[in-house]
Amino acid sequence: MKLSTKIIHSGLGGDQKPTGSVITPIFQTSTYVQKSPGKNLGYEYSRSANPTRKALEKNISSIENARYGFCFGSGMAAIDGILRLLRPGDEIICSNDIYGGTFRLFNQIYAKQQYKFIFSDLQSTVELEKLHNKRTKMIWIETPSNPMMNIIDIKMVTDFTKKKKILTVVDNTFASPFLQNPIDYGADIVTHSATKYLGGHSDVVLGSAVTNKKKIADELYLIQKSCGAIPGPMDCFLTLRGIKTLHIRMERHCYNAKKIAEFLTNHKMIEKVFWPGLKSHPNHKIAKKQMRDFGGMISFKLKKNSLSLAKKFLSNLKLFTLAESLGGVESLISHPSSMTHASLSDDLKEKNNITDSLIRISVGIENHEDLINDLSKSFNKLK
Ligand SMILES: Cc1ncc(COP(=O)(O)O)c(C=O)c1O
């Protein structure tokens with residue numbers, strides 16, 4: 001063989017034999033050998049299927065108690081994939097406190113194409129009955145919600161959607177499958193920004209959608225391979241690796257969040273703490289019913305509604321990193337009004353209680369006393 005042929009073929013075969021590797025390899029390949037036209041080993045092209053992605057899809061569906069799973073290039077791509085199950089003219093009832101990016105996708109992209117979104121706090125069947133009409137095809141919920149940590153009773157919603165023969169979709173990003181499995185409460189589709197707790201290390205952007213229903217799974221697969229918003233094998237590998245410690249990380253996230261929520265509740269500069277584990281949380285009982293613990297996300301409001309005070313507080317911190325995103329091992333802090341929810345209109349921010357004094361914490365897995373010290377010092381500097 002001449003050099004150019006050796007460069008391409010030496011040491012490599014199109015038909016990789018299993019090696020006994022303990023960890024799923026990164027199958028960094030776009031295409032797969034065919035023994036004869038149409039005869040392959042189960043894979044033909046990586047947009048349709050890739051072994052690293054398949055391992056991750058099996059893993060996420062399994063920990064969500066679902067039969068079918070699909071991964072996408074981001075949480076937003078997963079949400080977009082799910083919305084493609086619907087048609088222009090369809091209506092979606094949606095919880096009003098959702099991630100700003102989801103709101104933007106619904107209101108600025110899909111609403112332009114005659115999809116209609118009706119936002120509400122979804123706290124009772126009476127309210128659902130009022131909002132429902134013959135064009136309603138889906139109820140979309142985030143629980144706990146972003147950034148106000150509202151809790152929606154998943155079973156209450158799925159009892160309603162079953163009666164009406166429409167879909168329930170739950171964005172389970174904030175809880176993670178360790179704390180809550182919406183499929184067990186009758187949800188049709190569960191979606192994640194795996195960028196957050198599933199990946200867990202702030203080093204990957206990825207999304208997923210799982211379901212127990214074959215018909216929905218077939219449609220999601222068609223959407224995934226036709227629209228092509230898939231994650232690469234390296235990102236699937238990183239997410240698989242992250243998930244291996246999900247249960248251990250979540251225990252510590254919840255423990256630290258409890259300590260921090262208690263500290264914040266007793267602090268005189270704070271007006272209100274939003275964490276579903278607090279007895280004072282309006283949906284504490286529902287959270288207790290459907291979650292195994294209360295999660296690592298906390299929001300709180302300073303007594304004084306001042307943007308400059310909030311900014312000062314944030315810039316004083318040393319251990320909490322000011323950044324969007326959540327669910328990583330390190331503690332992150334953000335200002336929803338100017339960061340994650342900046343795309344909301346002022347009216348909507350006001351309606352959803354997203355004021356200048358609102359601060360959101362993604363509690364990491366560091367030592368809780370060090371974290372509390374950091375917060376405490378920053379408060380002291382405001383005096
Ligand atoms: C609850 C929730 N859903 C979906 C998303 C979107 O996920 P991604 O950033 O992976 O596209 C986010 C991102 O912050 C989120 O917080």
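All values derive from a computational prediction rather than experimental measurement. One-based numbering along the sequence shown. Order of listing sets the numbers, starting from 1, for every ligand and every atom in it.
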So, for H253 and Y197, is the gap between ring centers shorter than 6.0 Å?
yes
Answer with yes or no after comparing the ring centroid distance for F294 and H281 against a 6.0 Å cut-off, counting only values under it.
no
Could you tell me whether [X] and ligand 1 have an N or O pair separated by under 3.5 Å?
{"X": "I79", "answer": "no"}
{"X": "N146", "answer": "yes"}
{"X": "V205", "answer": "no"}
{"X": "S193", "answer": "yes"}

To check you understand the geometry: which heavy-atom pair defines the closest contact between [X] and [Y], and what is its length?
{"X": "A261", "Y": "L278", "answer": "CB-CD2, 4.3 Å"}
{"X": "P177", "Y": "I63", "answer": "CB-O, 3.4 Å"}
{"X": "V205", "Y": "S74", "answer": "CG1-CB, 3.6 Å"}

Can you sort out which atoms of ligand 1 are near [X], meaning under 4.0 Å from one of its heavy atoms?
{"X": "E142", "answer": "1 (C)"}
{"X": "T173", "answer": "1 (C), 2 (C), 3 (N)"}
{"X": "S74", "answer": "10 (O), 11 (O)"}

What protein heavy atom sits nearest [atom], and how far away is it?
{"atom": "atom 4 (C) of ligand 1", "result": "D171 OD2, 3.5 Å"}
{"atom": "atom 5 (C) of ligand 1", "result": "Y99 CD2, 3.4 Å"}
{"atom": "atom 14 (O) of ligand 1", "result": "K196 NZ, 2.8 Å"}
{"atom": "atom 10 (O) of ligand 1", "result": "T195 OG1, 2.6 Å"}
{"atom": "atom 11 (O) of ligand 1", "result": "M76 N, 2.9 Å"}

[X] and [Y] ion-paired at < 4.0 Å:
{"X": "D159", "Y": "K163", "result": "no"}
{"X": "D90", "Y": "R135", "result": "no"}
{"X": "E129", "Y": "K164", "result": "yes"}

Within the 4.0 Å heavy-atom cut-off, what E324 brings close to ligand 1 is neither
Given L371 and L375, is the side chain to side chain contact (heavy atoms under 4.5 Å, CB included) satisfied, shown in steps?
CA-CA 6 Å; L371 294 175; L375 293 168; 5.6 Å; no
